[in-house]
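Computed from a predicted model, the values in this text were never measured in an experiment. Within every chain, numbering begins at 1; the chains are lettered A, B, ... in the order of the sequence lines, protein sequences first and strands thereafter.
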Amino acid sequence: GAVVSQHPSWVICKSGTSVKIECRSLDFQATTMFWYRQFPKQSLMLMATSNEGSKATYEQGVEKDKFLINHASLTLSTLTVTSAHPEDSSFYICSAYGLAGLWDEQFFGPGTRLTVL
Amino acid sequence: GQQVMQIPQYQHVQEGEDFTTYCNSSTTLSNIQWYKQRPGGHPVFLIQLVKSGEVKKQKRLTFQFGEAKKNSSLHITATQTTDVGTYFCAGQRNQGGKLIFGQGTELSVKP
């Protein structure tokens, strides 16, 4: 199956700093990428949908100025958590959607665990 | 907005017992997908169901999609300790659209 990578896999930062997370589709072109957040023992919550070359669409309750998304190419999307605070500590997962194989499918990255001290 | 409800939240079984988790959507879906997430890991795609009334099997796992394309179930026969994890359903209203995840069912298996 198609491969989606995320970098870094985990990050620890101080409160007030910004953290950038990369999501790459390694062997296919992703027309759309999705960013999710998952708190411990909870489900995945969609944060935003990004299409290459256009502004991301944020879900209700997600601050677009705090979670900056850039989808610069068909294989790369980045999520920047600006001025991170302890309550932003979470597991951030991206998925990439594109034609890979016989049908369109979403492929998930391995996730990035963010801890804000 | 669109919601996908999943029950039960937790299920503890003895190894060898069967397990079922159920999902119900507030709206008709284009398709439903199932994922498994091991503790500390990320969701891993299991299967996608597209057709009304569809039933698919993967070894001991049986997936069903309701006739109205609003509900789905995952049944595991004779659970094993390797089945431990959280099982999520996720529905799409249109192919390529956003996935709405259910709350997940955490399965623990006692050897």
Side-chain angles (χ1 to χ4, degrees), chain A residues 1-7 9-10 21 23 28-52 56-62 69 90-115, chain B residues 1-12 21-25 29-51 54 56 58 72 74 84-108:
Chain A
V3 178
V4 175
S5 70
Q6 273 186 249
H7 178 80
S9 55
W10 58 271
I21 303 169
C23 177
F28 69 103
Q29 293 186 327
T31 53
T32 305
M33 287 186 173
F34 301 89
W35 286 95
Y36 297 84
R37 180 169 51 184
Q38 185 181 34
F39 292 107
K41 297 289 188 179
Q42 293 188 23
S43 186
L44 280 75
M45 298 300 297
L46 180 66
M47 299 174 67
T49 303
S50 76
N51 294 292
E52 185 264 340
T57 302
Y58 290 81
E59 294 298 303
Q60 192 172 8
V62 178
I69 292 173
S90 187
F91 193 42
Y92 292 86
I93 307 171
C94 72
S95 71
Y97 178 82
L99 184 60
L102 297 176
W103 54 78
D104 293 343
E105 191 174 323
Q106 279 195 38
F107 299 93
F108 281 79
T112 297
R113 198 164 299 280
L114 170 64
T115 302
Chain B
Q2 181 188 354
Q3 290 187 334
V4 175
M5 307 300 292
Q6 188 174 354
I7 59 169
Q9 188 174 2
Y10 302 98
Q11 186 78 57
H12 309 287
T21 174
Y22 302 89
C23 274
N24 189 57
S25 169
L29 300 171
S30 164
N31 65 82
I32 196 159
Q33 300 174 24
W34 285 90
Y35 293 81
K36 177 183 178 181
Q37 185 175 25
R38 293 181 184 274
H42 64 280
V44 174
F45 176 81
L46 294 177
I47 208 160
Q48 177 175 249
L49 303 171
V50 179
K51 299 176 183 177
E54 189 171 15
K56 287 188 176 180
Q58 289 179 351
S72 181
L74 158 59
V84 165
T86 300
Y87 293 85
F88 292 99
C89 62
Q92 277 184 316
R93 291 188 68 179
N94 52 279
Q95 194 71 23
K98 58 185 181 182
L99 278 170
I100 305 299
F101 278 79
Q103 295 90 335
T105 297
E106 183 179 345
L107 172 65
S108 64

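- The most heavy-atom pairs under 4.5 Å with chain B, out of R113(A), M45(A), Q38(A), come from Q38(A).
- Heavy-atom neighbours of Y58(A) OH from other residues, nucleotides or ligands within 6.0 Å: above the threshold of 12.
- Each of P43(B), G104(B), P39(B) has some count of heavy-atom pairs under 4.5 Å with chain A, and the biggest count is that of P43(B).
- Within the 4.5 angstrom heavy-atom criterion, only side-chain atoms of L46(A), from C-beta onward, approach chain B.
- In terms of heavy-atom pairs under 4.5 angstrom with chain A, the leader among E106(B), Q37(B), Q9(B) is Q37(B).
- Ring planes of Y10(B) and H12(B): parallel class, angle under 30° (limits at 30 and 60°).
- Ring geometry for Y35(B) against F101(B) counts as tilted: the plane angle lies between 30° and 60°, on a 0 to 90° scale.
- Pairs of residues two or more places apart, or lying in two chains, never qualify as salt bridge (Lys or Arg N to Asp or Glu O under 4.0 Å) while including a residue from residues 29-39 of chain B.
- Of the atoms belonging to E59(A), it is side-chain heavy atoms, and not backbone ones, that fall under 4.5 Å from chain B.
- For Q6(A) (side chain) and G111(A) (main-chain N/O), a donor-acceptor pair under 3.5 Å exists by modelled atom type.
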